[in-house]
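Following: one structure in structure tokens, then a few remarks.
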Amino acid sequence: MVYPGRVLTVAGAVIVLLLWKVVPIFATLFAGLGVELPLPTRLVIAMSNFIGSYFGLLILVGIVAASSL
């Protein structure tokens, strides 16, 4: 059970990193287009904004800390 746990941890870390660093670059690109984005794209950008805020980052750290107990 250690291996699946580590794989999920790394996958989660990669997703958080992408939402934190990569998606905001695309969000500014999409904002410059001036068109309405599809709902899934708006949801990903909203998750990125949440993770980019300090409150979202604190929640993620809390979840990681609680899961390591």
Applying a strict under-4.5 Å side-chain criterion to I, L, V, M, F, W and Y, I'd like to know whether Val7 and Leu18 cluster together. no
Which residue pairs satisfy the side-chain hydrogen bond (donor to acceptor under 3.5 Å, both in side chains) criterion with at least one member in residues 8-18, sequence neighbours excluded? none
Under 4.5 Å between side-chain heavy atoms, counting indirect links through other Ile/Leu/Val/Met/Phe/Trp/Tyr residues: same cluster for Ile59 and Val61 or not? no
What about Val14 and Leu17, same hydrophobic cluster or not, with Ile/Leu/Val/Met/Phe/Trp/Tyr joined at side-chain heavy-atom distances under 4.5 Å? yes
Going by chain and number, the hydrophobic cluster around Tyr54 (ILVMFWY, side chain to side chain under 4.5 Å) further includes none
Nearest-0.5 Å distance, CD1 of residue Ile25 to OG of residue Ser48: 10.0 Å
Compare all side-chain heavy atoms of Phe30 with those of Ile45 and state whether any distance is below 4.5 angstrom. yes
In terms of hydrophobic clusters joined by side-chain contacts under 4.5 Å, are Leu58 and Ile63 together? no
Indicate, with yes or no, if Trp20 and Phe26 share a hydrophobic cluster defined by side-chain heavy-atom contacts under 4.5 Å among Ile, Leu, Val, Met, Phe, Trp and Tyr. yes
From CZ (Arg42) to CG (Asn49), nearest 0.5 Å: 13.5 Å
side-chain contact (heavy atoms from CB on, under 4.5 Å) against Val44, all qualifying residues, sequence neighbours excluded: Leu19, Val23, Met47
